[in-house]
Amino acid sequence: MLNKIILTGGAGYIGSHVAVELLESGREVLIIDDFSNSHPEAVARIGDIANGNVELLERNLADPAHLADIAAAAKAFGADGAIHLAGLKAVGESVAEPARYYRVNVGSAMALLEALEAAHAKAVVFSSSATVYGALNDNPVTEDGKTGPTNPYGRTKLMIEDMLKDVAAADPAWRVCNLRYFNPVGAHPSGRIGEDPNDTPNNLFPYIAQVAVGRREKLLVFGDDYETRDGTGVRDYIHVVDLAKGHVAALDYLANRKHAGAVDINLGTGTGYSVLEAVAAFKRASNRDIPFEIAPRRDGDIAEIYADASRAKELLGWRAERTLEDMCADHWRWQSQNPEGYKS
Ligand code: WQD
(Lines give C-alpha, C1' and ligand atoms only; values in the text may rest on other atoms or scores of the structure.)
Protein backbone atom coordinates (compact mmCIF):
# COMPACT_ATOMS: atom_id res chain seq x y z
CA MET A 1 0.00 0.00 0.00
CA LEU A 2 1.43 3.42 -0.89
CA ASN A 3 -0.05 5.15 2.12
CA LYS A 4 1.92 8.28 2.96
CA ILE A 5 2.05 10.45 -0.14
CA ILE A 6 3.92 13.65 -0.94
CA LEU A 7 1.67 15.79 -3.17
CA THR A 8 3.61 18.54 -4.91
CA GLY A 9 1.42 21.40 -6.14
CA GLY A 10 -1.29 20.10 -3.81
CA ALA A 11 -2.80 23.57 -3.22
CA GLY A 12 -3.49 24.05 -6.92
CA TYR A 13 -6.54 23.32 -9.05
CA ILE A 14 -5.74 19.66 -9.84
CA GLY A 15 -3.76 19.21 -6.63
CA SER A 16 -6.53 20.22 -4.24
CA HIS A 17 -8.91 17.75 -5.89
CA VAL A 18 -6.27 14.98 -5.75
CA ALA A 19 -5.67 15.79 -2.06
CA VAL A 20 -9.39 15.28 -1.31
CA GLU A 21 -9.43 11.89 -3.07
CA LEU A 22 -6.20 10.78 -1.37
CA LEU A 23 -7.66 11.58 2.08
CA GLU A 24 -10.93 9.87 1.19
CA SER A 25 -8.93 6.78 0.16
CA GLY A 26 -7.50 6.70 3.71
CA ARG A 27 -4.07 8.01 2.84
CA GLU A 28 -1.98 10.67 4.59
CA VAL A 29 -0.81 13.64 2.54
CA LEU A 30 2.14 16.02 2.75
CA ILE A 31 1.49 18.95 0.39
CA ILE A 32 4.55 20.79 -0.91
CA ASP A 33 3.51 24.06 -2.54
CA ASP A 34 5.00 27.55 -2.88
CA PHE A 35 1.62 29.22 -3.58
CA SER A 36 3.01 30.83 -6.74
CA ASN A 37 -0.15 29.80 -8.60
CA SER A 38 -2.41 28.63 -5.74
CA HIS A 39 -3.92 29.76 -2.44
CA PRO A 40 -3.43 28.72 1.22
CA GLU A 41 -7.23 28.93 1.52
CA ALA A 42 -7.49 25.91 -0.78
CA VAL A 43 -5.54 23.80 1.75
CA ALA A 44 -7.92 24.87 4.52
CA ARG A 45 -10.90 23.90 2.39
CA ILE A 46 -9.43 20.48 1.58
CA GLY A 47 -9.63 19.85 5.31
CA ASP A 48 -13.27 21.03 5.32
CA ILE A 49 -14.24 18.59 2.60
CA ALA A 50 -12.32 15.47 3.61
CA ASN A 51 -11.28 14.21 7.03
CA GLY A 52 -7.76 13.00 7.43
CA ASN A 53 -4.17 14.06 7.89
CA VAL A 54 -2.99 16.72 5.47
CA GLU A 55 0.31 18.41 6.28
CA LEU A 56 1.75 21.41 4.41
CA LEU A 57 5.31 22.39 3.60
CA GLU A 58 5.56 25.80 1.90
CA ARG A 59 8.65 25.38 -0.25
CA ASN A 60 9.63 25.76 -3.90
CA LEU A 61 10.95 22.52 -5.39
CA ALA A 62 12.76 24.52 -8.07
CA ASP A 63 14.78 26.43 -5.46
CA PRO A 64 18.03 24.54 -4.65
CA ALA A 65 18.14 26.29 -1.25
CA HIS A 66 14.90 24.47 -0.33
CA LEU A 67 16.08 20.97 -1.28
CA ALA A 68 17.54 20.01 2.11
CA ASP A 69 14.31 20.99 3.89
CA ILE A 70 12.22 19.06 1.38
CA ALA A 71 14.35 15.90 1.70
CA ALA A 72 14.28 16.13 5.50
CA ALA A 73 10.50 16.63 5.51
CA ALA A 74 9.99 13.65 3.18
CA LYS A 75 11.99 11.43 5.52
CA ALA A 76 10.31 12.76 8.67
CA PHE A 77 6.87 12.25 7.08
CA GLY A 78 7.83 8.66 6.23
CA ALA A 79 6.81 9.11 2.61
CA ASP A 80 6.04 5.98 0.56
CA GLY A 81 5.91 7.89 -2.71
CA ALA A 82 4.79 11.07 -4.46
CA ILE A 83 2.27 12.55 -6.86
CA HIS A 84 4.08 15.30 -8.74
CA LEU A 85 1.90 18.14 -10.02
CA ALA A 86 3.98 21.25 -9.21
CA GLY A 87 5.09 23.16 -12.28
CA LEU A 88 4.42 25.98 -14.73
CA LYS A 89 1.61 25.16 -17.16
CA ALA A 90 0.83 28.03 -19.56
CA VAL A 91 1.62 27.08 -23.15
CA GLY A 92 1.92 30.64 -24.46
CA GLU A 93 4.08 31.75 -21.52
CA SER A 94 6.39 28.77 -22.13
CA VAL A 95 7.06 30.03 -25.68
CA ALA A 96 7.98 33.47 -24.31
CA GLU A 97 10.04 32.18 -21.35
CA PRO A 98 11.45 28.74 -22.31
CA ALA A 99 14.50 28.79 -20.00
CA ARG A 100 12.28 29.47 -16.97
CA TYR A 101 10.00 26.58 -17.95
CA TYR A 102 12.91 24.12 -18.27
CA ARG A 103 14.49 25.34 -15.03
CA VAL A 104 11.26 25.18 -13.01
CA ASN A 105 9.56 22.12 -14.50
CA VAL A 106 12.55 19.85 -15.10
CA GLY A 107 14.43 21.23 -12.05
CA SER A 108 11.48 20.52 -9.75
CA ALA A 109 11.21 16.94 -11.00
CA MET A 110 14.94 16.36 -10.45
CA ALA A 111 14.73 17.83 -6.93
CA LEU A 112 11.77 15.61 -6.10
CA LEU A 113 13.65 12.50 -7.28
CA GLU A 114 16.56 13.38 -4.97
CA ALA A 115 14.22 13.86 -2.01
CA LEU A 116 12.43 10.57 -2.71
CA GLU A 117 15.74 8.73 -3.10
CA ALA A 118 16.82 10.10 0.30
CA ALA A 119 13.52 8.97 1.83
CA HIS A 120 13.64 5.54 0.08
CA ALA A 121 10.22 6.33 -1.39
CA LYS A 122 10.68 5.13 -4.97
CA ALA A 123 7.19 5.58 -6.42
CA VAL A 124 5.99 8.52 -8.53
CA VAL A 125 2.71 9.38 -10.26
CA PHE A 126 3.58 12.22 -12.63
CA SER A 127 1.23 14.87 -14.02
CA SER A 128 1.95 14.69 -17.72
CA SER A 129 -0.23 16.03 -20.52
CA ALA A 130 -1.80 15.15 -23.86
CA THR A 131 0.19 18.07 -25.19
CA VAL A 132 3.10 15.59 -25.57
CA TYR A 133 1.26 14.14 -28.59
CA GLY A 134 1.19 17.34 -30.63
CA ALA A 135 -0.90 16.91 -33.77
CA LEU A 136 0.80 13.73 -34.99
CA ASN A 137 -1.84 11.08 -34.36
CA ASP A 138 -5.28 10.09 -35.55
CA ASN A 139 -8.01 10.28 -32.90
CA PRO A 140 -8.62 8.64 -30.52
CA VAL A 141 -4.98 8.89 -29.43
CA THR A 142 -3.40 5.88 -27.71
CA GLU A 143 -0.35 5.92 -25.41
CA ASP A 144 1.66 4.28 -28.19
CA GLY A 145 0.95 7.27 -30.42
CA LYS A 146 3.77 9.43 -31.73
CA THR A 147 4.95 12.16 -29.37
CA GLY A 148 5.90 15.57 -30.70
CA PRO A 149 5.13 18.48 -28.40
CA THR A 150 5.01 21.82 -30.23
CA ASN A 151 5.93 24.11 -27.32
CA PRO A 152 8.44 24.28 -24.45
CA TYR A 153 5.75 23.45 -21.85
CA GLY A 154 4.94 20.20 -23.66
CA ARG A 155 8.63 19.45 -24.19
CA THR A 156 9.27 19.75 -20.41
CA LYS A 157 6.48 17.23 -19.80
CA LEU A 158 7.95 14.73 -22.26
CA MET A 159 11.47 15.30 -20.90
CA ILE A 160 10.31 14.51 -17.36
CA GLU A 161 8.46 11.39 -18.57
CA ASP A 162 11.67 10.17 -20.21
CA MET A 163 13.78 11.04 -17.16
CA LEU A 164 11.44 8.99 -14.94
CA LYS A 165 11.57 6.08 -17.40
CA ASP A 166 15.38 6.13 -17.36
CA VAL A 167 15.44 6.18 -13.54
CA ALA A 168 13.01 3.24 -13.41
CA ALA A 169 15.09 1.32 -15.97
CA ALA A 170 18.28 1.85 -13.95
CA ASP A 171 16.80 0.91 -10.58
CA PRO A 172 13.94 -1.65 -10.52
CA ALA A 173 12.92 -0.43 -7.08
CA TRP A 174 11.35 2.61 -8.82
CA ARG A 175 7.69 2.46 -9.88
CA VAL A 176 6.49 5.23 -12.20
CA CYS A 177 3.16 6.16 -13.78
CA ASN A 178 3.02 9.06 -16.26
CA LEU A 179 -0.60 10.26 -16.39
CA ARG A 180 -1.29 12.09 -19.66
CA TYR A 181 -4.15 14.47 -18.82
CA PHE A 182 -6.47 15.61 -21.54
CA ASN A 183 -8.42 18.77 -20.60
CA PRO A 184 -9.32 18.94 -16.89
CA VAL A 185 -12.39 21.09 -16.14
CA GLY A 186 -15.16 21.32 -13.52
CA ALA A 187 -14.87 21.41 -9.72
CA HIS A 188 -15.68 19.42 -6.60
CA PRO A 189 -19.50 19.26 -6.24
CA SER A 190 -19.27 21.08 -2.89
CA GLY A 191 -18.29 24.26 -4.77
CA ARG A 192 -15.58 24.83 -2.12
CA ILE A 193 -12.52 24.20 -4.34
CA GLY A 194 -12.02 24.93 -8.01
CA GLU A 195 -9.96 26.57 -10.73
CA ASP A 196 -8.75 30.05 -9.81
CA PRO A 197 -6.14 31.31 -12.31
CA ASN A 198 -3.94 34.17 -11.07
CA ASP A 199 -4.68 36.47 -13.99
CA THR A 200 -6.45 36.24 -17.35
CA PRO A 201 -7.34 32.58 -17.88
CA ASN A 202 -5.52 30.90 -20.77
CA ASN A 203 -7.93 27.98 -20.82
CA LEU A 204 -11.46 27.81 -22.19
CA PHE A 205 -13.54 26.74 -19.18
CA PRO A 206 -12.25 29.21 -16.58
CA TYR A 207 -12.68 31.96 -19.18
CA ILE A 208 -16.27 30.92 -19.96
CA ALA A 209 -17.00 30.73 -16.20
CA GLN A 210 -15.68 34.27 -15.67
CA VAL A 211 -17.87 35.55 -18.53
CA ALA A 212 -20.88 33.79 -17.00
CA VAL A 213 -20.26 35.34 -13.58
CA GLY A 214 -19.76 38.79 -15.09
CA ARG A 215 -16.01 39.18 -14.58
CA ARG A 216 -15.31 39.16 -18.35
CA GLU A 217 -17.32 40.83 -21.10
CA LYS A 218 -17.20 38.12 -23.76
CA LEU A 219 -15.36 35.00 -24.90
CA LEU A 220 -13.11 35.09 -27.94
CA VAL A 221 -13.48 31.85 -29.91
CA PHE A 222 -10.04 31.19 -31.40
CA GLY A 223 -10.99 30.19 -34.92
CA ASP A 224 -14.09 28.66 -36.49
CA ASP A 225 -12.43 27.39 -39.68
CA TYR A 226 -10.91 24.15 -38.37
CA GLU A 227 -11.71 20.82 -40.01
CA THR A 228 -14.15 19.89 -37.22
CA ARG A 229 -17.92 19.40 -37.08
CA ASP A 230 -18.62 23.07 -36.38
CA GLY A 231 -15.25 24.60 -37.29
CA THR A 232 -14.14 25.24 -33.69
CA GLY A 233 -11.49 23.32 -31.75
CA VAL A 234 -12.43 19.91 -30.31
CA ARG A 235 -10.96 18.68 -27.01
CA ASP A 236 -11.46 15.79 -24.58
CA TYR A 237 -12.75 17.58 -21.46
CA ILE A 238 -12.49 15.47 -18.31
CA HIS A 239 -14.07 16.27 -14.94
CA VAL A 240 -11.35 17.14 -12.41
CA VAL A 241 -12.90 14.74 -9.86
CA ASP A 242 -12.65 11.86 -12.36
CA LEU A 243 -9.06 12.94 -13.02
CA ALA A 244 -8.28 13.02 -9.28
CA LYS A 245 -9.75 9.54 -8.81
CA GLY A 246 -7.46 8.39 -11.62
CA HIS A 247 -4.47 9.37 -9.46
CA VAL A 248 -5.67 7.20 -6.57
CA ALA A 249 -6.22 4.32 -8.99
CA ALA A 250 -2.67 4.84 -10.32
CA LEU A 251 -1.24 4.67 -6.76
CA ASP A 252 -3.18 1.46 -6.10
CA TYR A 253 -1.79 0.04 -9.34
CA LEU A 254 1.82 0.92 -8.45
CA ALA A 255 1.36 -0.47 -4.92
CA ASN A 256 0.05 -3.80 -6.19
CA ARG A 257 1.93 -4.17 -9.46
CA LYS A 258 4.19 -7.19 -9.57
CA HIS A 259 6.91 -5.70 -11.71
CA ALA A 260 8.59 -2.31 -11.50
CA GLY A 261 9.22 0.15 -14.30
CA ALA A 262 7.31 3.02 -15.89
CA VAL A 263 3.95 3.15 -17.65
CA ASP A 264 2.21 5.96 -19.60
CA ILE A 265 -1.57 6.22 -19.18
CA ASN A 266 -4.09 8.59 -20.82
CA LEU A 267 -6.66 10.18 -18.53
CA GLY A 268 -9.49 11.30 -20.78
CA THR A 269 -13.12 10.46 -21.50
CA GLY A 270 -12.67 9.33 -25.12
CA THR A 271 -15.21 11.95 -26.26
CA GLY A 272 -14.37 15.31 -27.85
CA TYR A 273 -16.48 18.46 -27.64
CA SER A 274 -16.07 21.67 -29.65
CA VAL A 275 -15.73 25.15 -28.22
CA LEU A 276 -19.28 26.04 -29.31
CA GLU A 277 -20.65 22.82 -27.77
CA ALA A 278 -18.89 23.67 -24.50
CA VAL A 279 -20.32 27.20 -24.56
CA ALA A 280 -23.85 25.87 -25.17
CA ALA A 281 -23.49 23.33 -22.34
CA PHE A 282 -22.23 26.00 -19.95
CA LYS A 283 -25.14 28.29 -20.87
CA ARG A 284 -27.60 25.48 -20.04
CA ALA A 285 -25.86 24.72 -16.74
CA SER A 286 -25.51 28.32 -15.57
CA ASN A 287 -28.63 29.75 -17.17
CA ARG A 288 -26.39 32.73 -18.02
CA ASP A 289 -25.66 34.24 -21.41
CA ILE A 290 -22.11 33.70 -22.69
CA PRO A 291 -21.47 36.38 -25.31
CA PHE A 292 -18.72 35.40 -27.73
CA GLU A 293 -16.97 36.63 -30.84
CA ILE A 294 -15.09 34.60 -33.44
CA ALA A 295 -11.40 35.61 -33.38
CA PRO A 296 -8.32 34.43 -35.31
CA ARG A 297 -6.83 31.02 -34.49
CA ARG A 298 -4.42 30.89 -31.53
CA ASP A 299 -0.80 30.01 -32.46
CA GLY A 300 0.04 26.38 -31.68
CA ASP A 301 -3.56 25.18 -31.37
CA ILE A 302 -4.53 21.92 -33.05
CA ALA A 303 -7.95 21.19 -34.50
CA GLU A 304 -8.99 18.10 -32.60
CA ILE A 305 -7.65 15.66 -30.02
CA TYR A 306 -9.38 13.13 -27.79
CA ALA A 307 -8.19 10.08 -25.87
CA ASP A 308 -8.27 6.36 -26.24
CA ALA A 309 -8.66 5.65 -22.51
CA SER A 310 -8.73 1.85 -22.72
CA ARG A 311 -5.35 1.34 -21.03
CA ALA A 312 -6.59 3.19 -17.90
CA LYS A 313 -9.58 0.86 -17.84
CA GLU A 314 -7.45 -2.27 -18.33
CA LEU A 315 -4.61 -1.44 -15.94
CA LEU A 316 -6.25 0.85 -13.37
CA GLY A 317 -9.86 -0.29 -13.54
CA TRP A 318 -10.65 3.41 -13.98
CA ARG A 319 -12.81 5.29 -16.41
CA ALA A 320 -14.29 8.79 -16.47
CA GLU A 321 -17.93 8.81 -15.29
CA ARG A 322 -18.99 12.48 -15.22
CA THR A 323 -20.65 14.09 -18.23
CA LEU A 324 -20.09 17.47 -19.90
CA GLU A 325 -23.25 18.66 -18.11
CA ASP A 326 -21.73 17.59 -14.75
CA MET A 327 -18.50 19.43 -15.63
CA CYS A 328 -20.37 22.65 -16.44
CA ALA A 329 -22.76 22.46 -13.46
CA ASP A 330 -19.91 21.83 -10.99
CA HIS A 331 -17.63 24.46 -12.55
CA TRP A 332 -20.51 26.97 -12.40
CA ARG A 333 -21.32 26.16 -8.72
CA TRP A 334 -17.67 26.85 -7.78
CA GLN A 335 -17.52 30.09 -9.83
CA SER A 336 -20.89 31.44 -8.72
CA GLN A 337 -20.16 30.71 -5.05
CA ASN A 338 -16.66 32.19 -5.38
CA PRO A 339 -16.95 34.99 -7.98
CA GLU A 340 -13.40 36.22 -7.21
CA GLY A 341 -12.02 32.72 -6.60
CA TYR A 342 -10.36 32.11 -3.25
CA LYS A 343 -9.92 35.85 -2.73
CA SER A 344 -13.68 36.04 -2.30
C1 WQD B 1 -9.32 24.50 -25.50
C2 WQD B 1 -10.01 24.96 -26.77
C3 WQD B 1 -8.86 26.75 -27.91
C4 WQD B 1 -9.51 29.73 -24.72
C5 WQD B 1 -3.87 23.43 -22.93
C6 WQD B 1 -2.55 22.74 -22.77
C7 WQD B 1 -2.73 21.49 -21.96
C8 WQD B 1 -3.36 21.86 -20.65
C9 WQD B 1 -4.73 22.45 -20.93
C10 WQD B 1 -2.03 22.53 -18.80
C11 WQD B 1 -9.03 25.23 -27.92
C12 WQD B 1 -10.22 27.22 -27.40
C13 WQD B 1 -9.49 28.56 -25.46
C14 WQD B 1 -10.25 30.86 -25.20
C15 WQD B 1 -10.92 29.57 -27.12
N16 WQD B 1 -2.55 22.79 -19.98
N17 WQD B 1 -10.19 28.49 -26.64
N18 WQD B 1 -10.93 30.72 -26.39
O19 WQD B 1 -5.11 24.40 -25.51
O20 WQD B 1 -6.46 22.23 -25.45
O21 WQD B 1 -4.72 22.62 -23.71
O22 WQD B 1 -4.51 23.65 -21.69
O23 WQD B 1 -2.20 21.56 -18.12
O24 WQD B 1 -1.48 20.90 -21.71
O25 WQD B 1 -2.06 22.38 -24.04
O26 WQD B 1 -6.81 23.97 -23.68
O27 WQD B 1 -8.60 25.34 -22.70
O28 WQD B 1 -6.58 26.51 -23.72
O29 WQD B 1 -8.25 25.42 -25.22
O30 WQD B 1 -11.55 29.49 -28.19
O31 WQD B 1 -10.32 31.96 -24.57
O32 WQD B 1 -10.66 26.20 -26.52
O33 WQD B 1 -8.58 27.27 -29.20
O34 WQD B 1 -9.66 24.84 -29.12
P35 WQD B 1 -5.77 23.33 -24.72
P36 WQD B 1 -7.55 25.39 -23.76
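The first residue in the sequence is number 1, and the count goes up from there. We count ligands from 1, going down the list as the structure has it; atoms in each ligand are counted the same way.
- Annotation: cation-pi geometry satisfied between K4 and F77 (NZ/CZ under 6.0 angstrom from ring centroid, within 45° of ring axis).
- Distances from atom 2 (C) of ligand 1 to the heavy atoms of Y13, Y237, F292 show the closest one on Y237.
- Residue, atom and distance of the protein heavy atom nearest to atom 34 (O) of ligand 1 are G233 CA, 3.5 Å.
- Here R235 has side-chain heavy atoms under 4.0 Å from ligand 1, and that is the only part of it that gets that close.
- The N/O atoms of Y207, backbone and side chain alike, include none that comes under 3.5 Å of an N/O atom in ligand 1.
- Only side-chain heavy atoms of R298 come within less than 4.0 Å of ligand 1; its backbone N, CA, C and O stay farther off.
- Of the protein's heavy atoms, D301 OD2, 2.6 Å lies nearest to atom 33 (O) of ligand 1.
- A 4.5 Å side-chain heavy-atom check between K146 and Y133 finds every atom pair outside the cut-off.
- Under the 4.0 Å criterion applied to side-chain N and carboxylate O atoms, D225 and R297 are assigned as salt-bridge partners.
- Remark: K283 engages D289 in a salt bridge, criterion side-chain N to carboxylate O under 4.0 Å.
- We find that R180 and E161 are joined by a salt bridge, their nearest charged nitrogen and carboxylate oxygen being less than 4.0 Å apart.
- Contacts of V275 with ligand 1, taken as heavy-atom pairs under 4.0 Å, involve the side chain alone.
- When all heavy atoms of N266 and E143 are compared, the pair lying nearest together is N-OE2, 2.7 Å.
- Ring geometry for H39 against Y342 counts as tilted: the plane angle lies between 30° and 60°, on a 0 to 90° scale.
- Considering backbone and side-chain atoms together, L204 places an N or O closer than 3.5 Å to an N or O of ligand 1.
- Checked for salt-bridge contact, E21 and R27 miss the test: no charged N lies under 4.0 Å from a carboxylate O.
- At least one N or O atom of F222, backbone or side chain, sits closer than 3.5 Å to an N or O atom of ligand 1.
- Partner of I31 under the side-chain contact (heavy atoms from CB on, under 4.5 Å) criterion, out of I46, I5, I6, T8: I46 alone.
- Contacts with ligand 1 closer than 4.0 Å are made by no heavy atom of T232, backbone or side chain.
- Near Y153, meaning under 4.0 Å from one of its heavy atoms, ligand 1 places the atoms 10 (C), 16 (N), 23 (O), 24 (O).
- The protein heavy-atom contact nearest to atom 26 (O) of ligand 1 is N183 ND2, 3.1 Å.
- The contact set between ligand 1 and S129, taken as ligand atoms under 4.0 Å from a residue heavy atom, comprises 7 (C), 24 (O).
- A perpendicular orientation is assigned to the rings of H247 and Y181, their planes being inclined by more than 60° (bins at 30° and 60°).
- Using a 4.0 Å cut-off to heavy atoms of N202, the atoms of ligand 1 that qualify are 4 (C), 28 (O).
- Taking 4.0 Å as the cut-off between side-chain N and carboxylate O, R45 and D48 do not count as a salt-bridged pair.
- Proximity of F205 to ligand 1, defined as any heavy-atom pair under 4.0 Å, is not found for any part of the residue.
- Residue V221 has at least one heavy-atom neighbour below 4.0 Å for each of these atoms of ligand 1: 30 (O).
- Backbone and side-chain nitrogen or oxygen atoms of V91 are examined, and none is located within less than 3.5 angstrom of a nitrogen or oxygen of ligand 1.
- A side-chain contact (heavy atoms from CB on, under 4.5 Å) with S25 is found for one member of N3, V248, V20 and no other, namely V248.
- With hydrogens left out, the protein atom closest to atom 9 (C) of ligand 1 is N203 ND2, 3.8 Å, a heavy atom.
- Scanning the protein for heavy atoms near atom 18 (N) of ligand 1, the closest one is L220 O, 2.8 Å.
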